Colleague: 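Below you will find the structure I want to go over with you.
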Amino acid sequence: MKKVDIIVPCYNEEDMIDLFYEETSKIVGQISGYQFQFIFVDDGSRDKTYEKLQNLAGKKDDVKYISFSKNFGKEAAMYAGLFHSRGDYVIIMDADLQHPPALIPQMIAGVEEGYDCCAAQRTSRKGESKIRSMFSRMFYRLNNRFTDVDLVQGAVDFRIMTRQMVNAVLSLSERQRFSKGIFAWVGFQTKWIPYENVERVMGQTKWSFKSLCKYAVSGITSFSVAPLRSAIFLGGIISFVSFVYIILTLIQTLIYGIDVPGYVTTLCAVLFLGGIIELSVGILGEYVAQIYVEIKGRPIFILKNTNLNLAEQETKDE
Ligand code: UDP
Ligand code: MG
């Protein structure tokens with residue numbers, strides 16, 4: 001019987017745990033021929049998420065949990081889940097039921113058809129603010145233009161992957177993880193399953209506008225050095241324009257003599273160049289920051305508690 005692990009990152013989801021488990025196990029209970037196991041990852045929640053998980057695990061054999069020492073972010077939680085999963089197939093889904101469990105049978109069918117991955121694609125952004133959707137569309141356009149990974153509009157983290165693909169994803173061991181890009185970068189055949197956006201049942205989103213912007217920047221800088229190169233491009237254009245301007249000014253001075261001092265031109269040039277230089281230093285800084293974080297090689301997550309049998313996992317891995 002094939003084993004399927006369902007990884008669920010949870011951060012302050014005390015209201016959702018039981019409901020999520022109930023709804024999802026109802027669906028997977030109807031799929032025969034597979035052995036499902038839940039791996040909940042408590043990402044350093046401040047509410048009763050951990051207690052809820054312990055409680056649930058006490059009652060249900062198919063519930064495993066991993067608990068972090070603090071909040072490391074959803075990316076780290078997904079990584080930890082993948083890292084500790086041993087299933088033939090692995091499903092990643094959110095705890096807030098925004099990823100409809102009803103898609104799971106289709107996903108399983110997809111990988112059985114021979115796809116390496118079967119992922120959900122949101123076709124509408126119902127319930128999301130207009131500005132947020134606009135920025136999101138802008139991000140996809142920018143990202144696909146500047147990086148060598150093509151992100152699919154509306155692709156979410158909800159997906160099933162084969163063991164082979166999971167191992168490939170784990171082999172990208174970067175600290176600053178941008179999973180949307182990583183999933184695309186590792187390649188393999190992905191089947192997309194469209195679905196309508198579902199609004200959160202309880203609790204609230206953990207994303208602020210600021211964190212989304214940070215996420216977008218890390219997405220582009222993790223997979224492209226185009227912004228770095230843009231500094232060369234900008235520098236080249238400005239040098240060329242300046243050169244032409246210098247020649248023209250020299251000729252003008254030789255023919256007409258020295259004119260009234262050009263206060264406005266000087267000011268414009270200084271401000272414009274200052275801006276460009278700041279921008280370039282900023283871009284450079286962004287990459288240096290990435291190198292800094294990577295070079296320290298800190299762990300992606302720190303595990304505090306789990307009911308997974310880690311000793312057994314280690315012997316199996318050897
Ligand atoms: N999440 C997490 N760590 C965090 C933030 C979120 O594990 O630091 C989990 C959260 O519990 C949920 C999933 O990631 O299961 C998606 O989070 P959220 O619903 O806030 O994001 P959205 O659906 O708005 O993109
Ligand atoms: Mg959500």
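Being a predicted model, the structure only gives us computed values, none of them experimental. As the structure lists them, so they are numbered: ligands from 1, and atoms in each ligand from 1.
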Colleague: Got the closest protein heavy atom to atom 18 (P) of ligand 1, with its distance?
Modeller: Arg200 NH2, 3.6 Å

Colleague: Excluding waters, which protein N, O or S atoms are within less than 2.8 Å of the Mg ion (ligand 2)?
Modeller: Asp96 OD2, Gln98 OE1

Colleague: Return yes if some donor-acceptor pair links the side-chain N/O of Asp43 with the main-chain N/O of Ala77 below 3.5 Å, else return no.
Modeller: no

Colleague: Suppose we measure from atom 1 (N) of ligand 1 to each protein heavy atom; which comes out shortest, and what is that distance?
Modeller: Tyr11 CB, 3.7 Å

Colleague: To the nearest 0.5 Å, tell me how far Ser173 OG sits from Tyr79 OH.
Modeller: 6.0 Å

Colleague: Give the atom numbers and elements of ligand 1 that come within less than 4.0 Å of a heavy atom of Asp43.
Modeller: 2 (C), 3 (N), 4 (C), 7 (O), 8 (O)

Colleague: Could you tell me the residue and atom name of the protein heavy atom closest to atom 21 (O) of ligand 1, and the distance to it rounded to 0.1 Å?
Modeller: Trp207 CD1, 3.2 Å

Colleague: What protein heavy atom lies closest to atom 23 (O) of ligand 1? Include the residue and the distance to one decimal.
Modeller: Gln98 OE1, 2.7 Å

Colleague: Looking at Ile7 and Gly81, what are the two nearest heavy atoms and their distance?
Modeller: CD1-C, 3.1 Å

Colleague: Using modelled atom types and a 3.5 Å cut-off, is there a donor and acceptor pairing between side-chain atoms of Asn12 and backbone atoms of Arg46?
Modeller: yes

Colleague: Give me the ring orientation class for Phe178 and Phe139: parallel if the planes are under 30° apart, tilted from 30 to 60°, perpendicular past 60°.
Modeller: perpendicular

Colleague: Report the part of Asn71 in contact with ligand 1, treating N, CA, C, O as backbone and CB onward as side chain, heavy atoms under 4.0 Å; options are side chain, backbone, both, neither.
Modeller: side chain

Colleague: Examine distances only and state if a side-chain atom of Ser67 and a backbone atom of Thr306 form a donor-acceptor pair shorter than 3.5 Å.
Modeller: no

Colleague: Could you see which bit of Cys10 sits under 4.0 Å from ligand 1, with heavy atoms only: side chain, backbone, both or neither?
Modeller: backbone

Colleague: Just heavy atoms, cut-off under 4.0 Å: does Asp94 contact ligand 1 by side chain, backbone, both, or neither?
Modeller: both

Colleague: Going by the order shown, which atoms of ligand 1 are within less than 4.0 Å of some heavy atom of Asp96?
Modeller: 19 (O), 23 (O)

Colleague: Under a 3.5 Å distance rule, please check whether Thr49 uses its side chain to pair with a backbone N or O of Glu13 as donor and acceptor.
Modeller: yes

Colleague: Would you say Ser218 and Gln176 are linked by a side-chain donor-acceptor pair, where the criterion is simply a distance under 3.5 Å?
Modeller: no

Colleague: Assess Lys48 against Tyr50: is NZ or CZ under 6.0 Å from the centre of the six-membered ring, and within 45 degrees of the ring's axis?
Modeller: no

Colleague: Taking 4.0 angstrom as the limit and counting only heavy atoms of Gly73, give me the atoms of ligand 1 inside it, by number and element.
Modeller: 3 (N), 8 (O)

Colleague: Which one holds for Lys74 and ligand 1: side chain close, backbone close, both close, or neither close, with close meaning a heavy atom under 4.0 Å?
Modeller: both

Colleague: So, using salt bridge (Lys or Arg N to Asp or Glu O under 4.0 Å) as the criterion, who are the partners of Lys304 when residues are at least two apart?
Modeller: none

Colleague: Quick one about Arg163 and Ser85 (side-chain donor to acceptor, distance below 3.5 Å, no hydrogens or angles considered), yes or no?
Modeller: yes

Colleague: What protein heavy atom sits nearest atom 20 (O) of ligand 1, and how far off is it?
Modeller: Lys206 N, 2.7 Å

Colleague: Please could you name the atoms of ligand 1 that Glu13 approaches to less than 4.0 Å, counting only its heavy atoms?
Modeller: 10 (C), 11 (O), 12 (C), 15 (O)

Colleague: Give me the residue, atom name and distance of the protein heavy atom closest to atom 24 (O) of ligand 1.
Modeller: Thr205 OG1, 2.7 Å

Colleague: Does the Asp94 side chain pair with the main chain of Asp96, one donor and one acceptor, at a distance under 3.5 Å?
Modeller: no

Colleague: Distance to 0.1 Å, residue and atom name: give those for the protein heavy atom nearest to atom 15 (O) of ligand 1.
Modeller: Pro9 O, 2.8 Å

Colleague: Polar contacts were defined as any N/O atom of the residue lying under 3.5 Å from an N/O atom of the ligand; does this apply to Ala95 and ligand 1?
Modeller: yes

Colleague: Looking at residues at least two apart in the chain, or sitting in another chain, which of them share a side chain to side chain donor-acceptor pair (under 3.5 Å) with Asp5?
Modeller: Gln37

Colleague: Can you list everything that forms a salt bridge (Lys or Arg N to Asp or Glu O under 4.0 Å) with Asp18? Sequence neighbours excluded, please.
Modeller: Lys52

